[in-house]
Amino acid sequence: MHCTRKVLDDLIWVGVDDRRVACFEGVYDIPDGVSYNSYVLLDEKTVVLDTVDKAVYQTYFENIEYALNGRELDYLVVHHMEPDHAYVIEALLVRYPNIKLVCNDKIAVMLKNFFRGVDFADKLVIVKEGDTMCFGRHTLTFVSAPMVHWPEVMMSYDLTDKILFSADAFGTFGALNGRLFNDEADFFNENLDEARRYYTNIVGKYGPQVQAVLKKAAGLELKYICPLHGFVWRSDFERILEKYLKWSSYTPEENSVMLAYASIYGHTENAASILAVKLVERGVKVRMFDVSVTDSSHVVANAFRCSHLIFAAPTYNAGIFIKMEELLHDIVNHNLQNRKVALMENGSWAPAAGKLMRDMLSKLKGIEFIGETVSVKSSLAEDQLAQLDAIADAIAAEIGR
């Protein structure tokens with residue numbers, strides 16, 4: 001039984017919600033699932049824009065069959081070759097053997113690599129930046145978007161109805177649960193956390209490339225943005241573009257503190273909590289995370305969100321406690337920049353976490369450390385409260401009340 005939604009009378013969402021997947025790409029916690037979006041354009045020629053993951057293929061083909069309503073399928077536009085959007089291309093070819101695949105030359109290479117043994121020789125229509133294709137009432141023009149977030153990615157823009165098919169850009173985590181559009185009351189604020197977490201973790205490393213694409217998008221008249229995950233945007237364009245400009249330029253969204261700590265027996269947690277209290281008493285907003293409990297994707301997203309970062313961790317096997325080390329590795333790999341950072345270590349003997357954390361974060365551009373590392377020996381000493389006061393005073397002075 002089909003489950004489709006109309007974007008417009010001749011543009012049908014034929015994607016599928018996946019509520020059973022718990023870990024996106026084997027990495028990111030998604031308790032609310034995810035949507036795999038695909039669209040059918042019903043013009044003089046029929047067009048499918050991208051496909052879906054193998055986990056939901058059966059429902060997907062039922063949706064396409066219903067949307068086509070007996071018509072043949074003429075074209076498949078492939079914007080991105082990541083398997084959650086491209087896995088069923090071969091199966092689609094089996095069902096609709098006369099279709100042509102519209103893609104760029106890099107996608108053509110990946111098609112052959114992912115689907116070895118499939119002969120695409122007479123199937124491909126190769127397009128490049130600025131090319132157009134007319135399907136009847138609708139004309140698509142193609143926009144190159146390399147490294148947003150794979151090198152082959154392109155977007156397409158419908159010149160007729162002002163629709164940007166944006167590949168992975170402007171997506172969100174979470175199943176749609178029947179809600180296709182973003183324009184319900186207070187939608188933006190309710191879904192901003194998942195949009196941020198999606199962007200920062202999936203695309204966040206490639207800020208300069210996103211900036212280049214945003215310059216192109218800023219020149220387009222937008223009535224709809226159709227991403228490959230999450231809601232179809234038909235309002236709030238300025239607000240989401242403004243967020244993407246901040247995230248991709250590594251500009252903090254807000255003057256606040258993200259405090260991430262790891263603690264084995266509670267002593268590092270206690271020291272971190274005392275520092276958090278001191279900051280709050282000075283009027284500073286603090287977002288606090290236990291990295292042994294909270295999925296790192298949430299912490300990475302808030303590191304992009306906040307202007308000041310504090311990391312507190314014990315020494316473990318002469319290194320950084322593993323959960324904190326993994327988080328810092330993730331933050332460094334996501335290329336975060338332009339943050340003020342304070343550090344706290346704990347070590348009953350031979351403390352080493354502070355120096356190692358500093359060494360890792362020093363790889364990032366625009367990182368400025370606040371004072372010296374606070375070094376706790378087993379538990380926080382009374383005479384170390386002054387060090388925490390100094391950090392809190394410095395951050396409060398920079399952020400302002």
Side-chain angles (χ1 to χ4, degrees), residues 2-18 34-53 56-57 59-69 71-89 91-93 95-96 99-103 107 125 127 132-143 145 153-172 175-183 217 220 222-234 237:
H2 74 92
C3 182
T4 63
R5 292 288 306 277
K6 282 188 177 182
V7 180
L8 298 168
D9 285 342
D10 57 358
L11 181 64
I12 314 298
W13 177 85
V14 292
V16 186
D17 280 338
D18 188 352
V34 70
S35 71
Y36 303 112
N37 295 346
S38 174
Y39 307 89
V40 170
L41 186 63
L42 300 171
D43 209 331
E44 292 175 18
K45 298 293 185 181
T46 57
V47 186
V48 168
L49 298 113
D50 299 294
T51 66
V52 298
D53 187 80
V56 294
Y57 78 94
T59 301
Y60 175 64
F61 284 125
E62 290 172 358
N63 288 348
I64 287 182
E65 184 178 1
Y66 178 81
L68 290 174
N69 192 27
R71 295 184 64 181
E72 286 299 310
L73 180 57
D74 298 307
Y75 292 98
L76 167 66
V77 176
V78 183
H79 294 108
H80 181 24
M81 275 301 300
E82 201 166 7
D84 57 332
H85 308 301
Y87 196 96
V88 300
I89 287 176
L92 192 71
L93 285 170
R95 286 167 171 78
Y96 302 98
I99 63 172
K100 299 288 188 180
L101 275 61
V102 181
C103 64
I107 289 173
V125 179
V127 296
T132 60
M133 285 190 69
C134 181
F135 302 103
R137 190 176 78 86
H138 294 269
T139 298
L140 295 184
T141 185
F142 301 98
V143 180
V153 174
M154 69 176 188
M155 303 178 182
S156 60
Y157 176 66
D158 178 14
L159 295 164
T160 306
D161 286 327
K162 316 305 181 188
I163 305 167
L164 179 64
F165 296 96
S166 62
D168 267 339
F170 307 109
T172 62
L176 294 177
N177 298 324
R179 295 172 57 193
L180 181 60
F181 299 105
N182 73 302
D183 49 6
L220 300 175
L222 294 176
K223 293 185 178 179
Y224 298 86
I225 299 176
C226 293
L228 290 178
H229 295 292
F231 302 91
V232 170
W233 297 84
R234 60 181 181 186
F237 300 124

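Counting from 1, the numbers follow the sequence of the chain as shown. In this text the structure is predicted, and so the values were computed from the model without any measurement.
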- Write down the atom of K162, the atom of Y157, and the distance for their closest heavy-atom approach. CD-OH, 3.2 Å
- How far does SG of C3 sit from CD of E62, to the nearest 0.5 angstrom? 10.5 Å
- Could you name each residue pair satisfying salt bridge (charged side-chain N to carboxylate O under 4.0 Å, His left out) that touches residues 34-45, not counting sequence neighbours? none
- Message: Strictly distance-based, threshold 3.5 Å: is any side-chain N or O of D50 a donor or acceptor partner for the main-chain N or O of H79?
- Response: yes
- Message: Working note: V47 + V102, criterion side-chain contact (heavy atoms from CB on, under 4.5 Å); need CA distance, chi angles, decisive distance, verdict.
- Response: CA-CA 10 Å; V47 186; V102 181; over 6 Å; no
- Does N177 have any side chain to side chain contact (heavy atoms under 4.5 Å, CB included) partners at least two apart in sequence or in another chain, and if so, which? D17, R19, A175
- Item | Contacts of K100 that satisfy salt bridge (charged side-chain N to carboxylate O under 4.0 Å, His left out) - sequence neighbours left out | none
- Query: By side chain to side chain contact (heavy atoms under 4.5 Å, CB included), which residues pair with D158, not counting sequence neighbours?
  - Reply: H138, L140, T160, D161, I163, F165
- Message: Applying side chain to side chain contact (heavy atoms under 4.5 Å, CB included), can you list everything that pairs with T172, at least two apart in sequence or on another chain?
- Response: A195, F231
- Query: With no hydrogens and no angle check, is any side-chain donor or acceptor of T4 less than 3.5 Å from a backbone partner on V14?
  - Reply: no
Show me, pair by pair, the donor-acceptor contacts under 3.5 angstrom made by side chains of residues 222-230, not counting sequence neighbours?
unit_1: H229; atom_1: ND1; unit_2: S35; atom_2: O; d: 2.6
unit_1: H229; atom_1: NE2; unit_2: D84; atom_2: OD2; d: 3.0
unit_1: H229; atom_1: NE2; unit_2: H85; atom_2: NE2; d: 3.2

- Interatomic distance, CG@L76 vs CG@L49, rounded to 0.5 Å, equals 8.0 Å
- Determine, step by step, whether L101 and L93 satisfy the side-chain contact (heavy atoms from CB on, under 4.5 Å) criterion, reporting the C-alpha distance in whole Å, the side-chain angles of both residues, the deciding distance to 0.1 Å, and the verdict. CA-CA 9 Å; L101 275 61; L93 285 170; 3.7 Å; yes
- Around atom OH of Y57, are there more than 12 heavy atoms of other residues, nucleotides or ligands at under 6.0 Å? no
- Can you tell me if N63 uses its side chain to pair, donor with acceptor, with the backbone of G15 under 3.5 Å? yes
- What's the spacing between R234 CZ and L8 CG if we round to 0.5 Å? 9.0 Å
- Residues passing the side chain to side chain contact (heavy atoms under 4.5 Å, CB included) test with Y96, sequence neighbours excluded, are I64, E65, L68, L73, L92, I99
- Positive for side-chain contact (heavy atoms from CB on, under 4.5 Å) with M133, one of T141, V127, T139, V77: V127
- Message: Nearest 0.5 angstrom please: I12 CD1 to Y66 OH, how far?
- Response: 8.5 Å
- Set of side-chain hydrogen bond (donor to acceptor under 3.5 Å, both in side chains) partners for D74, sequence neighbours left out: T46
- Check ring pair (Phe, Tyr, Trp, His ring centres under 6.0 Å) between F237 and all other residues, then give those that pass, not counting sequence neighbours. none
- Note on the structure: M155 and A169 have their tightest heavy-atom pair at CE-CB, 3.7 Å
- ring pair (Phe, Tyr, Trp, His ring centres under 6.0 Å) partners for F135, two or more places apart: Y75
- Message: What I'd like to find out is whether the side chain of V153 reaches to under 4.5 Å of the side chain of D168, using heavy atoms alone.
- Response: no
- Supply the atom-to-atom distance L42 CG to R71 CZ, rounded to the nearest 0.5 angstrom. 6.0 Å
- What residues, two or more places apart in sequence or in another chain, satisfy ring pair (Phe, Tyr, Trp, His ring centres under 6.0 Å) together with F170? Y244
- Task: Could you please spell out the steps behind the side-chain contact (heavy atoms from CB on, under 4.5 Å) verdict for L176 and N37?
- Result: CA-CA 10 Å; L176 294 177; N37 295 346; 4.1 Å; yes
- Query: Can you name the side-chain hydrogen bond (donor to acceptor under 3.5 Å, both in side chains) partners of D53, sequence neighbours left out?
  - Reply: none
- State, to 0.1 Å, how close V232 and Y39 come at their nearest heavy-atom pair, and which atoms those are. CG2-OH, 3.8 Å
- Query: Got a second to check how far Y60's OH is from T51's OG1, nearest 0.5 Å?
  - Reply: 5.0 Å
